[in-house]
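See below for the structure under consideration.
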Amino acid sequence: MAASVFGRRAQLGAIGLTAFALTAMASGMAFAQAPDRAAIQAQVAKRHDTAVKALQDWIALPSIAAEDRNAKQGAEYMAKLAREAGFQKVEIVDTGGKPGVFATLDAGAPTTVGVYYMYDVKQFDPAEWSSPPLEARIVDKPGLGKAIVGRGAANQKGPEMAFLTALHAIRDAKQKMPVNLVLVAEGEEEIGSPNIGKLVLRPDVQAALKKSIGVFMPMGLQDPDGAVTVNLGAKGVVELELVADGNAWGRGPSKDVHSSLKAMVDSPAWRLVKALDTLVSEDGNTITVDGFPKPTPLTATERAQIAKSVAARDEATARKSLGVPHWIDDLSWEKANERLVSQPTINIEGLVGGYTGPGGKTILPYRAVAKIDMRLVPPMTRDGAVEALKAHLKKRGYGDIAVNVSGGYDPTTTAADSRLIQAQINVLRRNNIEPLLWPRLAGSYPGFVFTQPPLSLPSGHFGLGHGGGAHAPDEFYLIQSTNPKVQGFDGAVMSYVDYLYELGAAGGSSAAAK
């Protein structure tokens with residue numbers, strides 16, 4: 001991090017420490033004295049090279065649930081990282097799928113905080129990358145600074161390593177850990193978390209989380225210009241395949257045949273295409289599934305949050321970064337974002353059938369598959385959306401098309417006045433960042449298992465720093481920033497230090513002020 005940024009953050013840290021002390025005195029509890037932030041920051045700087053190397057080593061071990069790759073090794077490595085960061089109890093949990101990790105750090109503090117991790121990453125094709133996806137090279141990113149490029153760098157190992165580094169720095173600076181921690185880490189997030197409940201709702205794990213004020217996921221939330229959005233929820237998701245098969249249909253071929261026979265033989269591939277066409281409007285943008293659950297309209301507060309956020313963000317930059325010349329229906333910037341927050345989607349991730357190699361191969365395939373994801377908003381549920389889809393296909397005469405659900409979960413909502421969210425807002429403002437409240441992240445994570453009964457906890461994301469390219473080639477996480485408004489790795493680490501002390505500053509019962 002540049003010296004000027006280091007100095008500015010140190011100054012802001014002094015302001016933050018005063019706020020911590022005042023909070024403690026006002027509440028009559030919390031800490032006898034404010035933490036020595038400068039000592040912690042010195043340890044962060046001292047540990048920089050070690051932490052970056054640890055991140056590179058972690059990226060070099062990809063756990064990919066969809067490919068059944070390195071699940072056992074990924075869980076063991078996650079457990080090792082937790083132990084090294086100070087968690088006293090660490091257990092690898094059998095979920096019936098990819099193993100999870102459950103860990104607790106007892107600091108003897110009055111407040112407990114839950115932390116959600118994923119140790120798995122998305123698939124990758126090295127041919128699409130400019131830098132090898134498992135080598136985690138540090139490269140120059142024009143306009144940003146130096147960044148690690150590798151699969152999982154931003155989603156989610158970079159922010160997760162920054163959080164673990166914060167725990168190392170607090171301990172090495174001989175400062176009191178401000179909160180107790182309960183960590184749950186899974187290896188199936190990228191396939192829709194099919195077994196997350198078996199991890200989180202195991203009686204002892206559930207009991208530990210029940211003591212917390214909420215659960216957060218580390219994330220590099222800064223835009224390239226330094227702005228930060230505080231998400232008050234996330235869309236749910238269902239991942240599935242629709243399969244048209246001549247054997248199940250009872251028409252068409254039971255194996256691939258010569259394409260000349262199309263004149264007399266039905267095509268499962270065309271059947272799948274026709275079935276897909278019934279799911280959405282002619283332009284593909286509006287769901288037309290019979291009986292599909294309806295979203296709750298945006299409230300006036302949510303519309304105001306969206307309006308404030310889009311006014312602070314540059315539309316041209318967003319279009320350029322996405323490579324998108326127009327929004328749906330040529331909507332305005334604000335209306336497009338309202339749609340992003342409020343509308344469910346049915347998306348075709350991929351179509352697979354027959355021959356897809358070089359040149360042509362004149363066959364009539366017996367089987368075709370559409371890989372689908374459906375994004376959900378309240379009050380929709382995963383099960384409700386799937387049942388509506390199945391009923392629709394049957395009603396339209398496509399009951400033979402298999403609906404194979406691989407994972408998914410419900411959307412989440414967390415109150416802006418919850419202690420988990422208010423602590424984020426306080427930390428951001430002390431860093432001269434006015435947070436932009438956002439009703440709902442368009443992406444998804446399995447926060448429903450925390451926000452719904454029996455836990456019913458606030459859940460969200462937090463962290464300074466910047467990354468990009470999640471699920472895409474050349475995924476990266478910023479290590480050294482050239483923009484003083486955007487934090488590099490060390491700045492991200494300190495944001496977690498500040499967040500933990502902010503969460504612990506109020507003290508008192510964990511069950512209070514959730």
Side chain of [X], backbone of [Y]: donor and acceptor closer than 3.5 Å?
| X | Y | value |
| --- | --- | --- |
| Gln206 | Leu201 | yes |
| Lys72 | Pro99 | no |
| Thr451 | Ser456 | no |
| Ser212 | Leu209 | yes |
| Thr412 | Ala234 | yes |
| Ser281 | Thr286 | yes |
| Glu239 | Gly408 | no |
| Arg339 | Glu334 | no |
| Asp410 | Arg382 | yes |
| Arg151 | Lys122 | yes |

(request) Quick one: list whatever passes salt bridge (charged side-chain N to carboxylate O under 4.0 Å, His left out) with Lys198, sequence neighbours left out. (result)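 By the salt bridge (charged side-chain N to carboxylate O under 4.0 Å, His left out) rule, Lys198 matches no residue at all.
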
Compare all side-chain heavy atoms of [X] with those of [Y] and state whether any distance is below 4.5 angstrom.
| X | Y | result |
| --- | --- | --- |
| Tyr366 | Val257 | no |
| Pro218 | Val115 | yes |
| Glu302 | Arg440 | yes |
| Leu242 | Val403 | yes |
| Leu389 | Ile372 | no |
| Phe448 | Leu376 | no |
| Pro344 | Val377 | yes |
| Val139 | Asp474 | no |

(request) Tell me, yes or no, whether the heavy-atom count around Trp327 atom CH2, taken from other residues, nucleotides or ligands under 6.0 Å, exceeds 12. (result)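 Yes, enclosed.
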
(request) Answer yes or no: does atom NZ of Lys262 have more than 12 heavy-atom neighbours from other residues, nucleotides or ligands under 6.0 Å? (result)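 For Lys262, atom NZ is crowded (more than 12 foreign heavy atoms under 6.0 Å).
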
Roughly how far, to the nearest 0.5 Å, is the [atom2] atom of [Y] from the [atom1] atom of [X]?
| X | Y | atom1 | atom2 | value |
| --- | --- | --- | --- | --- |
| Leu364 | His258 | CG | NE2 | 10.5 Å |
| Ile191 | Glu67 | CD1 | CD | 11.5 Å |
| Ile346 | Ile287 | CD1 | CD1 | 4.5 Å |
| Lys146 | Ile148 | NZ | CD1 | 12.0 Å |
| Ile425 | Leu420 | CD1 | CG | 10.5 Å |
| Gln305 | Trp438 | CD | CH2 | 9.5 Å |

Of all the heavy-atom pairs spanning [X] and [Y], show the shortest one and how long it is.
| X | Y | result |
| --- | --- | --- |
| Gly407 | Pro194 | CA-CB, 4.5 Å |
| Ala153 | Glu475 | N-OE2, 3.3 Å |
| Ala75 | Val101 | O-CG2, 3.6 Å |
| Ala318 | Trp333 | CB-CH2, 3.5 Å |
| Pro159 | Ala154 | CD-O, 3.5 Å |
| Glu188 | Ala65 | CA-CB, 4.2 Å |

(request) Apply the salt bridge (charged side-chain N to carboxylate O under 4.0 Å, His left out) test between Arg251 and each candidate in Asp245, Asp266, Asp400; give the one that qualifies. (result)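 Single salt bridge (charged side-chain N to carboxylate O under 4.0 Å, His left out) partner of Arg251 among Asp245, Asp266, Asp400: Asp266.
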
(message) Walk me through whether Met374 and Val405 qualify under side-chain contact (heavy atoms from CB on, under 4.5 Å).
(response) CA-CA 11 Å; Met374 302 191 294; Val405 178; over 6 Å; no

With a 3.5 Å cut-off and no angle check, do the side chains of [X] and [Y] form a donor-acceptor pair?
| X | Y | value |
| --- | --- | --- |
| His461 | Gln424 | no |
| Tyr445 | Ser459 | yes |
| Ser193 | Glu186 | yes |
| Asn155 | Glu190 | yes |
| Asp383 | Thr381 | no |

Would you call [X] and [Y] a salt bridge, using N to O less than 4.0 angstrom?
| X | Y | answer |
| --- | --- | --- |
| Asp68 | Lys98 | yes |
| Arg319 | Glu315 | yes |
| Glu160 | Lys157 | no |

(request) Could you walk me through whether Ile196 and Tyr409 pass side-chain contact (heavy atoms from CB on, under 4.5 Å), step by step? (result) CA-CA 10 Å; Ile196 187 70; Tyr409 35 79; 5.7 Å; no

(message) Suppose we screen for ring pair (Phe, Tyr, Trp, His ring centres under 6.0 Å). Which residues come up paired with Phe489, at least two apart in sequence or across chains?
(response)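 If we apply the ring pair (Phe, Tyr, Trp, His ring centres under 6.0 Å) test to Phe489, skipping adjacent residues, there are no hits.
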
(request) Decide yes or no on side-chain contact (heavy atoms from CB on, under 4.5 Å) for Ile59 and Tyr477, but give the supporting numbers first. (result) CA-CA 11 Å; Ile59 290 171; Tyr477 186 65; over 6 Å; no

(request) Go through the steps to decide whether Tyr398 and Thr278 satisfy the test side-chain contact (heavy atoms from CB on, under 4.5 Å), and finish with yes or no. (result) CA-CA 10 Å; Tyr398 296 104; Thr278 71; 4.1 Å; yes

(request) Return the orientation label for the Phe163 and Tyr496 ring planes: parallel under 30°, perpendicular over 60°, tilted otherwise. (result)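 Ring orientation, 0 to 90° scale: perpendicular.
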
